[in-house]
Amino acid sequence: MVALAQKSRLITTADIYNSLFSGQTFRWRIIDKKKPIYLGVIGNTITGLRRDNKRSLTIFSSSDTILEKSPVDFFTDYFTLDIDADTCLPEFLKTENSDIWPLLQRYKNIKVLRQHPFETLITFMCAQGIGMKIIRSQVENLCRHFGSRIETSIDNDTVLVYSFPEPETLASLKPHELLSCTNNNHIRASNIISAAAAVADGSLDLDSLRSPALALDEARNALMAQRGIGLKIADCILLFGLQRFDAFPIDTHVHQYLAAWFGIEEAAKSLTQKRYLSLQQKAITLLGPDLAGYAGHILFHCWRKEVKRLDTAL
DNA sequence: GTCCAGGCCTACG
DNA sequence: CGTAGGCATGGA
């Protein structure tokens with residue numbers, strides 16, 4: 001058993017906590033709601049975050065390093081503290097849309113995370129046409145069945161976590177072995193296995209898709225070559241797992257707020273593939289070419305919480 | 001019971 | 001082109 005030792009302290013705003021449960025990651029969880037400790041597994045390193053006060057955060061870690069970086073360096077990158085919240089959202093939201101701006105106050109500092117590419121690929125393949133609770137439950141099953149078991153202790157309580165499965169592990173499965181992780185959907189199980197196989201054998205090179213030198217369209221096409229990955233899932237993988245903050249995924253909620261908040265008439269119609277691309281261009285024009293997806297995620301979370309009253313955390 | 005959840009793919013006009 | 005239906009289940 002690995003005792004989770006306090007390793008370092010990171011000074012930041014409390015808004016990074018919302019980042020963990022804004023729907024971009026399905027892996028982090030709350031251990032103690034009264035004295036919030038958030039637990040995650042990065043590679044094979046167990047990491048815990050505890051809020052000390054509004055601007056101070058303690059990092060716990062089962063190792064001195066997280067993916068070969070110090071915990072502080074790792075989380076500075078992971079939580080994109082290099083992205084300035086003030087420049088992320090465009091001015092027109094503050095001036096022209098006075099009805100939206102008050103709603104955004106609790107969400108405007110949410111950070112989009114730089115997550116692990118393969119984990120992001122698979123978890124978003126699990127997220128089609130089902131609710132957030134089932135998605136989280138599927139991902140939990142995925143790790144429990146096919147990841148590595150890791151035990152730790154926090155304040156003398158034993159906590160059991162699992163790493164995310166390796167591509168080779170998932171690639172070796174048969175669809176029926178994966179059904180508990182795909183809501184019993186056989187097609188999705190088989191799609192996930194073949195995508196994992198593509199990563200394992202190198203025909204899908206996720207790291208190469210991170211390069212800004214590669215056009216966003218080409219990166220998306222490489223992902224969409226996999227069965228079960230369409231425009232929306234591909235854009236999510238680019239945004240959350242490949243650090244392409246210009247990628248702008250449009251799901252049912254984004255579709256809704258583009259109509260309700262931005263008055264885009266096209267968004268009132270059903271979301272066909274052609275309309276997806278057209279709406280995406282309009283959104284990028286409004287939100288800016290560099291951080292459209294980053295800004296879009298903040299709007300997405302605000303819409304879910306403030307308008308739809310949906311919760312994302314368990 | 002009905003409807004909708006962070007969709008994708010195929011078949012059919 | 002577009003739309004409808006299938007995939008599957010749980011919670012509101």
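Below, read A as the first sequence line, B as the second, and so on, with proteins coming before strands; counting in each chain starts at 1.
- Between A:Arg244 and A:Asp290 there is no salt bridge, since none of the side-chain N atoms of the basic residue sits less than 4.0 Å from a carboxylate O of the acidic one.
- Toward the 5' end of DNA chain B, the nearer of the two residues A:Gly228 and A:Phe240, judged by each one's closest nucleotide, is A:Phe240.
- Put simply, CD on A:Gln128 is 12 Å from C1' on C:dA8, counting in whole angstrom units.
- Regarding contacts with the backbone of B:dA5, a side-chain N or O of A:Lys308 is found under 4.0 angstrom from either OP1 or OP2.
- If you check every strand for non-hydrogen atoms under 4.0 Å, A:Asn183 touches a base.
- Using atom C1' as the reference point in both B:dA5 and C:dG2, the two lie 24 Å apart (nearest Å).
- Looking at heavy-atom distances under 4.0 Å, A:Gln24 makes contact with a base.
- No contact: A:Leu271 has no heavy atom under 4.0 Å from any strand.
- Ring-centre distance between A:Phe240 and A:His297: below the 6.0 Å cut-off.
- Residue A:Ser180 is classed as having no contact, given no heavy-atom separation below 4.0 Å to the nucleic acid.
- The side chain of A:Asn185 has C:dC7 as its nearest neighbour among C:dG2, C:dC7, C:dG10.
- Going from atom CG of A:Asp251 over to atom P of B:dA5 covers 10 Å, rounded to whole Å.
- Here the side chain of A:Ile233 is nearest to one of B:dA5, B:dC8, C:dT9, namely B:dC8.
- Side-chain contact of A:Gln128 with A:Asn185: a donor-acceptor pair under 3.5 Å is absent, judged by distance alone.
- Residue contacts shown for A:Gly129 include a base, since a base heavy atom lies under 4.0 Å away.
- A:Ile135 comes within 4.0 angstrom of nothing in the nucleic acid, heavy atoms only.
- Between the P atom of C:dC7 and the CG atom of A:Leu179 lies a distance of 14 Å, rounded to the nearest Å.
- If you measure from atom CD1 of A:Ile250 to atom P of B:dC8, you get 11 Å, rounded to the nearest angstrom.
- Taking the six-membered ring for Trp and the full ring otherwise, A:Phe164 and A:Phe146 have centroids separated by 6.0 Å or more.
- Comparing C:dG2, C:dC7, B:dA5 by their nearest atom to the side chain of A:Ile187 picks out C:dC7.
- Here the side chain of A:His186 is nearest to one of B:dA5, C:dG2, C:dA8, namely C:dA8.
- With rounding to whole Å, A:Arg188 atom CZ is found 9 Å from B:dC8 atom C1'.
- Side-chain proximity of A:Ser270 to C:dT3, B:dC9, B:dA5: nearest is C:dT3.
- Taking the six-membered ring for Trp and thresholds of 30 and 60 degrees, A:His116 and A:Phe118 have ring planes more than 60 degrees apart, a perpendicular arrangement.
- The side chain of A:Arg227 approaches B:dT10 more closely than any other nucleotide in the set B:dT10, B:dG7, C:dC7.
- Atom P of nucleotide C:dG11 and atom CG of A:Leu310 are separated by 15 Å, given to the nearest angstrom.
- A residue-by-residue look at A:Met224 and A:His297 shows that A:His297 has its nearest nucleotide of DNA chain B further toward the 5' end.
- Going from atom CD1 of A:Ile122 over to atom P of B:dG7 covers 18 Å, rounded to whole Å.
- Of the possible polar contacts, none joining the A:Thr80 side chain to the A:Asp82 backbone as a donor-acceptor pair under 3.5 Å is found.
- Distance, A:Gln273 CD to C:dT3 C1': 14 Å, rounded to whole Å.
- Using cut-offs of 30° and 60° for the angle between ring planes, the A:Trp28 and A:Tyr78 rings count as tilted.
- For A:Ile130, the listed nucleotide lying nearest its side chain is C:dA8; candidates were C:dA8, B:dC8, C:dG2.
- Heavy atoms of A:Thr182 sit nowhere under 4.0 angstrom from any nucleic acid atom.
- Near DNA chain B, meaning a heavy atom under 4.0 Å away, the residues from residues 300-307 of chain A are A:Phe300, A:Arg304.
- Between A:Tyr257 and A:Trp303, the two ring planes are tilted [angle within 30° to 60°].
- When the nucleotides C:dA8, B:dG7, C:dG2 are ranked by their closest atom to the side chain of A:Thr272, C:dG2 comes out on top.
- You'll find the ring centres of A:Phe124 and A:Phe26 inside the 6.0 Å limit.
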